[in-house]
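Below is one structure, written out as structure tokens, with a few remarks after it.
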Number of protein chains: 4
Amino acid sequence: MRVGVLTGGGDCPGLNAVIRAVVRKGIKDYGYEFVGFRDGWRGPLEGDTMPLDRAAVSGILPRGGTILGSSRTNLMKIDGGVERVKQNMNEQGIDALVAIGGEDTLGVATQLTEQGVNVVGVPKTIDNDLNATDYTFGFDTAVGIATDAIDRLHTTAESHHRALVVEVMGRHAGWIALHSGMAAGANVILIPERPFDIGEVVEHVESRFRTNYAPILVVAEGAHPEEGQMELSAGEKDAFGHVRLGGIGQRLSEEIESRTGKEARSVVLGHVQRGGTPSAFDRVLATRLGVNAIEAVHDQEYGKMVALQGTDIKRVDLSAATDKLKTVPAERFEEAEVFFG
Amino acid sequence: MRVGVLTGGGDCPGLNAVIRAVVRKGIKDYGYEFVGFRDGWRGPLEGDTMPLDRAAVSGILPRGGTILGSSRTNLMKIDGGVERVKQNMNEQGIDALVAIGGEDTLGVATQLTEQGVNVVGVPKTIDNDLNATDYTFGFDTAVGIATDAIDRLHTTAESHHRALVVEVMGRHAGWIALHSGMAAGANVILIPERPFDIGEVVEHVESRFRTNYAPILVVAEGAHPEEGQMELSAGEKDAFGHVRLGGIGQRLSEEIESRTGKEARSVVLGHVQRGGTPSAFDRVLATRLGVNAIEAVHDQEYGKMVALQGTDIKRVDLSAATDKLKTVPAERFEEAEVFFG
Amino acid sequence: MRVGVLTGGGDCPGLNAVIRAVVRKGIKDYGYEFVGFRDGWRGPLEGDTMPLDRAAVSGILPRGGTILGSSRTNLMKIDGGVERVKQNMNEQGIDALVAIGGEDTLGVATQLTEQGVNVVGVPKTIDNDLNATDYTFGFDTAVGIATDAIDRLHTTAESHHRALVVEVMGRHAGWIALHSGMAAGANVILIPERPFDIGEVVEHVESRFRTNYAPILVVAEGAHPEEGQMELSAGEKDAFGHVRLGGIGQRLSEEIESRTGKEARSVVLGHVQRGGTPSAFDRVLATRLGVNAIEAVHDQEYGKMVALQGTDIKRVDLSAATDKLKTVPAERFEEAEVFFG
Amino acid sequence: MRVGVLTGGGDCPGLNAVIRAVVRKGIKDYGYEFVGFRDGWRGPLEGDTMPLDRAAVSGILPRGGTILGSSRTNLMKIDGGVERVKQNMNEQGIDALVAIGGEDTLGVATQLTEQGVNVVGVPKTIDNDLNATDYTFGFDTAVGIATDAIDRLHTTAESHHRALVVEVMGRHAGWIALHSGMAAGANVILIPERPFDIGEVVEHVESRFRTNYAPILVVAEGAHPEEGQMELSAGEKDAFGHVRLGGIGQRLSEEIESRTGKEARSVVLGHVQRGGTPSAFDRVLATRLGVNAIEAVHDQEYGKMVALQGTDIKRVDLSAATDKLKTVPAERFEEAEVFFG
């Protein structure tokens with residue numbers, strides 16, 4: 001049996017741990033051979049491969065990024081893309097494919113399955129917004145990095161009587177903001193799921209200043225005010241009409257300065273959140289997902305994705321990955337809200 | 001309403017985060033007053049209290065240890081202990097008690113409940129061996145510290161062609177060894193649940209040396225060989241007949257040296273694993289447990305313990321805490337075993 | 001003897017370690033009393049003080065920021081400012097002042113000395129650009145944080161075949177960029193001392209892409225192109241005509257994208273670099289400076305500043321602090337340059 | 001020109017950074033070829049080599065250990081050893097040798113120089129006890145790791161009213177104990193340079209307990225009591241009559257328990273201190289030493305060692321490395337002593 005492996009979408013700590021687990025388990029227990037496809041779907045599309053044996057995965061467990069490279073190549077937008085992938089897989093003698101990726105990558109995987117390709121999926125999203133799984137690897141690492149940064153900013157805020165706005169990842173879901181904000185004791189957390197009232201935010205900030213502590217605000221990149229408030233100029237948006245990275249953090253900090261008369265600064269954590277060595281939690285989760293993905297291949301349970309539920313790894317339909325976004329429910333947000341102010 | 005709070009047993013990163021959450025939630029949402037009992041059950045036994053208001057819990061979220069102090073005072077072994085606790089609680093006007101602790105502390109809490117005391121429990125064990133909850137806070141921090149240490153030891157092992165034996169916590173359950181060993185890519189993991197065959201261990205070590213890589217062994221402090229192997233001398237045991245801390249690591253390293261003729265060293269991580277700032281994961285878990293404990297008090301659901309199940313915090317019977325040890329199941333160990341050698 | 005202590009300017013890991021050392025040494029060896037002035041020169045100007053005894057400095061060694069608060073109040077720009085300080089010091093019965101701060105704070109200290117006030121200075125600049133001392137505390141911590149971040153970005157850069165521009169602190173001197181760039185293996189380092197040729201930078205980036213590795217560029221916030229290149233628009237400058245924070249990183253990344261046709265991203269580390277717990281190096285340095293500052297007070301060597309020279313702490317004239325900026329010499333930059341490309 | 005490179009003695013974070021700097025500088029600026037000798041002096045003795053080009057040193061900057069391996073092979077104790085090294089170097093066409101190591105390695109290098117071999121030395125000792133240089137790489141990393149550990153132990157000590165004894169590296173010099181003890185706020189620091197009075201130590205511990213804080217003691221592995229006190233049994237010593245690793249920490253903790261009646265625990269940091277990624281400080285220092293070593297080769301200044309003096313890298317006689325141990329001077333110890341108790 002020859003198994004192809006690819007990683008698609010934005011990079012995420014733990015990808016290499018998955019690859020290593022897939023390959024070591026497959027070789028040791030089932031004697032499989034592996035082929036690495038480079039740069040997400042570009043690999044099988046163009047037949048661009050690399051060797052993937054025990055030596056290739058040696059020492060990669062603690063390393064961030066992906067030895068296979070990644071891209072956002074969207075197979076479905078390419079004429080004849082699926083056919084070319086099937087042909088390239090045939091030519092390489094590939095019997096099954098392990099696709100590690102997020103909504104887009106697994107969406108393609110779902111469609112390939114419908115076309116008779118043998119695919120098993122491994123879910124990946126640093127934003128933790130995939131519905132079928134309790135957690136995705138990379139999320140814990142990102143939350144840890146953001147928490148460290150906010151811990152550091154506390155001392156600056158307090159020494160200078162200054163508000164600090166920390167913008168973290170999360171375009172559609174506020175999980176990183178919620179967890180890092182709770183972990184680091186933020187005074188305000190703003191998430192995309194709940195448009196904020198700028199007046200209320202400023203009030204929180206002022207009440208904090210009155211008690212002589214400097215406020216820390218954690219804001220997800222996709223958070224936004226209620227309609228009609230704080231209109232953004234064209235220059236603050238990107239090509240899709242979204243606020244550009246750093247836009248909301250910067251804008252909020254200006255708004256706070258002008259409304260409170262106190263100093264405010266914004267910090268945009270950016271790509272640092274998705275790089276580097278995975279946390280122990282993510283390494284264990286990624287390894288378990290990899291082991292279980294190859295078990296699914298062995299059982300020929302194609303069209304499935306492996307997912308964490310409680311402390312177990314389960315198999316769910318690949319389509320579950322793209323079903324519905326997992327956003328922060330109201331009760332989780334309220335649990336955190338008690339600590340504001 | 002006046003609520004007492006105490007922390008018992010060994011210290012654990014996240015205790016302060018629980019205390020802070022209990023107090024802030026109780027004051028903000030329900031206007032409760034809080035009283036801190038010092039040093040576990042010694043506090044209510046002797047009526048030793050400290051003030052526990054918003055100021056007392058300010059800034060403690062990221063701090064390890066417990067501002068309330070802890071002890072292993074076992075109330076049940078003290079004549080008239082329960083009566084004295086009830087009396088002291090009455091004198092202080094305490095309506096309910098939040099007890100944060102492990103098997104022993106919650107065992108006492110269970111018995112107090114039976115005697116009509118209003119108690120809500122919060123589970124705590126760095127070893128993660130409590131059955132009713134998916135994870136306990138402190139465990140993730142301990143695994144992270146152990147993983148960091150093993151990451152560091154890899155380079156030493158490889159530069160010196162030397163076996164390294166790392167002894168981690170875990171007297172009855174091998175969770176820390178399993179997770180840190182998987183996370184850091186150990187070649188052998190030894191846990192109390194599965195007595196090891198010393199010959200097999202040495203074989204693994206030798207096969208690793210043959211491929212020119214230095215082996216790393218992670219061993220839980222409670223791991224032990226199959227009966228009849230590697231008999232320990234009296235000096236290697238403590239007063240209870242257990243191997244003393246560091247004993248099994250040291251002994252294994254000597255055994256490896258004498259059987260393989262290669263150098264081996266042991267490192268005992270010890271108390272470093274249970275101190276210092278909690279990981280973001282543990283801070284969030286501890287905070288959620290604290291919030292939910294005070295909700296249980298508010299609902300007058302006494303005799304309950306709050307527990308993590310999947311991504312939810314549930315209430316379970318206090319007695320569930322002491323029911324059964326949660327040990328590493330065979331299939332979890334086999335999942336890791338594929339990476340050995 | 002009563003000694004006042006103040007901290008001025010931007011915050012910096014290690015300030016609390018200095019304060020603690022000053023106070024503990026002064027009490028233990030000489031029986032001094034201490035008074036804390038709040039928020040830099042604002043404290044003595046307005047007579048705003050706080051108690052500063054052993055209890056006040058307990059536990060602050062590992063904490064970032066400053067318990068005394070800080071500000072950029074410039075005494076020299078305030079009519080009668082010096083007189084008010086002298087009067088407030090008299091009223092408080094202050095015999096000597098330990099002033100911890102950078103160029104501005106120590107500049108004021110120098111002038112106060114000339115007016116007969118007993119001042120000893122402790123140099124502080126996170127940018128390490130003070131001439132009279134080998135290193136200033138806070139710098140090592142900042143370099144460590146920047147290096148961690150760049151380490152993380154490497155994996156992102158390589159997985160996505162993307163250039164990454166990391167903007168670090170350093171308005172007038174490139175020390176943080178030089179050290180973190182060397183430590184993290186950057187391919188290009190841009191510092192204020194050496195205006196860059198954008199064409200040359202792009203060439204480096206392209207040569208790196210050709211060898212299939214993603215380039216990392218570290219750029220000090222004050223770095224700038226040679227005259228006539230990459231003109232900045234008014235919106236990219238602040239009120240002083242300086243490029244605003246994040247401006248040069250953002251601009252460079254756009255320039256690279258447009259000239260190479262490859263993706264580029266910028267990350268601005270910002271205030272995270274100056275917050276949080278000091279590195280061990282900085283804690284030792286800060287502690288030694290504090291101990292030696294109080295020795296200088298005891299010896300009545302006023303108008304002096306304590307400084308690190310080799311492994312010794314020496315006393316130099318306060319005026320030396322403001323004499324000349326310590327910039328990166330050409331030979332240090334060339335030492336690093338060998339690693340570019 | 002062909003240059004051999006070897007690393008000898010105990011491993012040390014930064015070795016790979018030196019190797020990378022030597023190789024990249026030598027290739028880029030002078031077009032040299034490099035040959036790696038494996039496992040210290042064993043490599044040239046047995047002619048055991050590995051390729052050492054740009055690819056070999058790619059990505060090793062942040063990695064602990066040494067890609068060349070290390071050993072304690074003592075050339076001088078091997079009959080005809082020097083002759084065999086000279087012969088093997090000739091056969092390999094090696095014109096010069098860069099030897100990276102401590103007292104033993106550089107001692108051999110000194111003798112080879114006298115026999116006409118072209119050697120340049122790079123000093124390495126994690127203990128920082130080499131006289132000719134202000135700091136050696138690895139030391140800062142070790143101090144950082146020890147400081148992190150002691151920071152963590154503080155919370156355990158305080159929660160349990162327990163004394164904690166932390167044994168750190170340092171057989172002959174107490175630098176690691178001094179710096180990590182100062183950085184982490186230890187209450188007692190014991191170093192080999194100053195035999196301690198056990199009664200005085202216990203008194204310190206008790207005074208700390210009386211003020212209700214738990215004492216932390218940092219003890220170098222080579223620290224020992226004044227003559228006639230605390231005699232060690234044969235089992236606590238190694239083959240050389242030295243106290244075995246962990247011996248003094250364990251013994252002290254027992255002594256404290258028996259003399260104060262309070263709980264005490266010992267933690268032995270062991271090999272964790274010398275593994276893993278180097279700190280930014282050590283990476284910069286190691287890189288600069290490597291660059292300057294190859295400059296010395298280029299200038300044909302053989303028999304020299306590169307050394308840090310202030311902020312400069314200088315060339316000193318190789319013999320200076322083995323001249324005299326750099327121990328902690330009395331005034332440095334007294335500077336720290338003010339914080340005890």
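Throughout, a chain's letter reflects where its sequence line sits, starting with A, and its residues are numbered from 1. These numbers were taken from a predicted model, which means no experiment stands behind them.
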Heavy-atom contact with chain C under 4.5 Å, split by part of [X]:
X: Ala21(D); result: both
X: Asn292(D); result: side chain
X: Ser58(D); result: side chain

Classify the ring geometry of His298(C) against Tyr32(C): parallel below 30°, tilted from 30° to 60°, perpendicular beyond 60°. tilted
Classify the ring geometry between Phe340(D) and His204(D) as parallel (under 30°), tilted (30 to 60°) or perpendicular (over 60°).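 Correct class here is perpendicular.
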Just to verify, which of Thr277(C), Thr141(C), Asn16(C) counts as forming a side chain to side chain donor-acceptor pair (under 3.5 Å) with Arg283(C)?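 Result for side chain to side chain donor-acceptor pair (under 3.5 Å) with Arg283(C): Thr277(C).
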Counting heavy-atom pairs under 4.5 Å to chain C, which of Arg288(D), Arg332(D), His179(D), Gln309(D) comes out on top? Arg288(D)
When Ala184(D), Ala183(D), Gly185(D) are compared by non-hydrogen pairs under 4.5 Å with chain C, the top option: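 The candidate making the most pairs under 4.5 Å is Ala183(D).
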At a 4.5 Å cut-off on heavy atoms, which part of [X] comes close to chain D: side chain, backbone, both, or neither?
X: Glu335(C); value: both
X: Ser279(C); value: neither
X: Val143(C); value: both
X: Asp134(C); value: both

Per-residue tally against chain D (heavy atom, under 4.5 Å) across Val284(C), Leu178(C), Thr147(C) peaks at Val284(C)
Any idea which heavy atoms bring Phe209(D) and Ala214(D) closest together, and the distance? CE2-CA, 4.4 Å
Between Glu295(D) and Arg315(D) (salt bridge meaning N to carboxylate O under 4.0 Å), is one present in this structure? no
Flag for Thr287(D)-Arg20(D): side-chain donor and acceptor within less than 3.5 Å: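 The criterion, which ignores hydrogens and geometry beyond distance, is not satisfied for Thr287(D) and Arg20(D).
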So, taking the atom named OG1 in Thr311(D) and the one named OH in Tyr135(C), what distance separates them when rounded to the nearest 0.5 Å?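 One gets 6.0 Å once the value is rounded to the nearest 0.5 Å.
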